[in-house]
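Each remark here refers to the structure printed beneath this line.
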Amino acid sequence: MIRVSKPAVVLAIAMMTLHVLTAALGPSLFLTNVLITTAPLLAGLSCLWRSRRQSSVLADKWRLLGVGLLIWSIGQGCYTYGTLKYHNVQTAALPSDFWFLVYGIFVLLAVCSVGEDQDSTAILIADGAQATLAIVLIYVTLFMNNHFSHRTLPASQLTTLYLGENLALALAATVRLLAMPDGEDRYFHRAACIFAWLMILISTPLNYLDAYVGPTNGKPIEVGWMIPFLAVVVMAFSQEDQTRAEPELRHRTWGAMMVYNASPVFFTLCVLLLGAHTAQHRPLVGFAAVVGALLIYTFRATILQTRLRQVQESLNDSERNLRLLNSKLHEQSLI
């Protein structure tokens, strides 16, 4: 049972109401865009605040999610600045689109790659290298596209790219949530799952309306952009009641453990798909990215396999010493 934070709910309702009233009564691009920028900003800060109250690994998850939401807020700020200063209708990728896509890398890292048994410097370096590779691929895809004589990606293709990103986040968050036992870790993944599905359900129709019908900037329907982020604010300040004490530590099932261990593969798979997409217009960059992602994942898997082997050898040594002690105790008992 979740104890919902009433102040956070009131804040969310007040912000959405203010946006709708501003857009309907006195259309103001500045105020409506500022409100939309404030929502992910508050969500990111709420996640960073929540991370201070968690254990190290779980705190890293909240921090990564918070950083991702802050990056989305930066993208919205860039979009607001461009809209108010140049008043251009978007026909191709803008600098704001770069931030809107990069935020997903940090959310995907929070959902997939951070685990209690993977908290080491080498693993963090490998995940950081994959994230950097993904950021480079996003930049190349958006601003170094030479298909059909375009230097930047056409706006009509951006909607498909956003749909792919949101779908990947939603599926990854859902699968990881199913593998989580009850507790704070599951609560985080529940919050990430709610955010991801709200994002895909709301952003997809709004993106297609912008691309094929007409701009929605400054209209009341744009209040939908605030909903996923304000939901994160509410989840960050809410608490899950521990109604029953666990008599014993519950272990994951075989299927849940398999999903848990395979989650980092999902992040690598997304990088590979992005590299394959980049290879369509930049073959050399795309091929290098695919090879780099495979090498990084091989390095990551080797580290985990080495650590597993070390643990197994330690257990074997302990078992061998235990047998020797039991043998000595048996001899002493006979004497």
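None of the values given here were measured: they were computed from a predicted structure. Computed from heavy atoms alone, side chains included, the values below leave out hydrogens, waters and symmetry copies.
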[X]: what forms a side chain to side chain donor-acceptor pair (under 3.5 Å) with it, not counting sequence neighbours?
X    : value
W197 : T174
T278 : T141
E165 : none
T298 : none

Who passes salt bridge (Lys or Arg N to Asp or Glu O under 4.0 Å) against R52, sequence neighbours left out?
->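 Expected list: none.
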Any chance you could measure [X], atom [atom1], to [Y], atom [atom2], to the nearest 0.5 Å?
X    : Y    : atom1 : atom2 : answer
I200 : I202 : CD1   : CD1   : 11.5 Å
T32  : K219 : OG1   : NZ    : 12.0 Å
H19  : I36  : NE2   : CD1   : 4.0 Å
C47  : F188 : SG    : CZ    : 7.5 Å
L65  : H189 : CG    : NE2   : 10.5 Å
M15  : L18  : CE    : CG    : 8.0 Å

With under 30° as parallel and over 60° as perpendicular, where do the rings of [X] and [Y] fit, or are they tilted in between?
X    : Y    : result
W49  : F237 : parallel
F98  : Y139 : perpendicular
Y103 : W72  : perpendicular

With a 3.5 Å distance limit and no angle check, can you tell me whether [X] reaches the backbone of [Y] through a side-chain donor-acceptor pair?
X    : Y    : answer
R186 : L177 : yes
Y162 : F100 : no
R176 : V111 : yes
N166 : L163 : no
S238 : S5   : yes

With sequence neighbours left out, what residues match F299 under ring pair (Phe, Tyr, Trp, His ring centres under 6.0 Å)?
->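 Here no residue qualifies.
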Around atom CD1 of I221, are there more than 12 heavy atoms of other residues, nucleotides or ligands at under 6.0 Å?
->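 Atom CD1 in I221 is not crowded, with 12 or fewer foreign heavy atoms closer than 6.0 Å.
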Do [X] and [Y] share a hydrophobic cluster, counting only Ile, Leu, Val, Met, Phe, Trp and Tyr and linking them when any side-chain heavy atoms are less than 4.5 Å apart?
X    : Y    : answer
I227 : V234 : yes
I138 : L273 : no
V20  : V233 : yes
I296 : F106 : no
L201 : L167 : yes

For L69 and F195, run side-chain contact (heavy atoms from CB on, under 4.5 Å): C-alpha distance rounded to whole Å, both residues' side-chain angles, the deciding distance at 0.1 Å, then the answer.
-> CA-CA 11 Å; L69 300 181; F195 167 77; 3.6 Å; yes
How close do [X] and [Y] get, counting heavy atoms only, and between which atoms?
X    : Y    : result
L133 : A293 : CD2-N, 3.7 Å
L35  : M226 : O-CE, 3.8 Å
L230 : A12  : CD1-O, 3.6 Å
A134 : V271 : CB-CG2, 4.3 Å
A170 : A196 : CA-CB, 3.6 Å
C270 : A168 : SG-CB, 4.1 Å

Would L161 and L142 satisfy side-chain contact (heavy atoms from CB on, under 4.5 Å), going step by step from the backbone distance to the final call?
-> CA-CA 10 Å; L161 203 57; L142 291 178; 4.1 Å; yes
My understanding is that only residues two or more places apart in sequence, or in another chain, count here; which of them pass side chain to side chain contact (heavy atoms under 4.5 Å, CB included) with [X]?
X    : answer
A59  : S51, Q54, R63
V290 : L272, L294
I74  : C78, W99
L41  : L45, L70, S73

Side chains of residues 323-335: which donor-acceptor partners sit under 3.5 Å, not counting sequence neighbours?
residue, atom, partner, partner atom, Å
R323, NH2, E319, OE2, 2.8
N326, ND2, L322, O, 3.3
S333, OG, L329, O, 3.4
S333, OG, H330, O, 2.6

Find out whether [X] and [Y] are in side-chain contact, i.e. whether some heavy atom of one side chain is under 4.5 Å from a heavy atom of the other.
X    : Y    : value
I71  : V67  : yes
Y187 : Q239 : no
L64  : K61  : no
L108 : L169 : yes
F229 : L42  : no

Linking Ile, Leu, Val, Met, Phe, Trp and Tyr through side-chain heavy atoms less than 4.5 Å apart, which residues share a cluster with L295?
->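 Once heavy-atom contacts under 4.5 Å are chained together, L295 belongs with F287, V291.
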State, without any angle test, whether Q130 and T268 hold a side-chain donor-acceptor pair at a distance under 3.5 Å.
->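 A pair is found: one side chain offers a donor N or O, the other an acceptor, under 3.5 Å apart.
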Could you check V9 against I13 for side-chain contact (heavy atoms from CB on, under 4.5 Å), going step by step and ending with a plain yes or no?
-> CA-CA 6 Å; V9 173; I13 294 175; 3.8 Å; yes
Report the C-alpha separation of R50 and E184 in whole Å, then their side-chain angles, then the decisive distance to 0.1 Å, and conclude whether the salt bridge (charged side-chain N to carboxylate O under 4.0 Å, His left out) test is met.
-> CA-CA 11 Å; R50 177 93 181 199; E184 283 294 323; 3.1 Å; yes
Full working for side-chain contact (heavy atoms from CB on, under 4.5 Å) between W225 and L206 | CA-CA 9 Å; W225 287 113; L206 288 176; 3.5 Å; yes
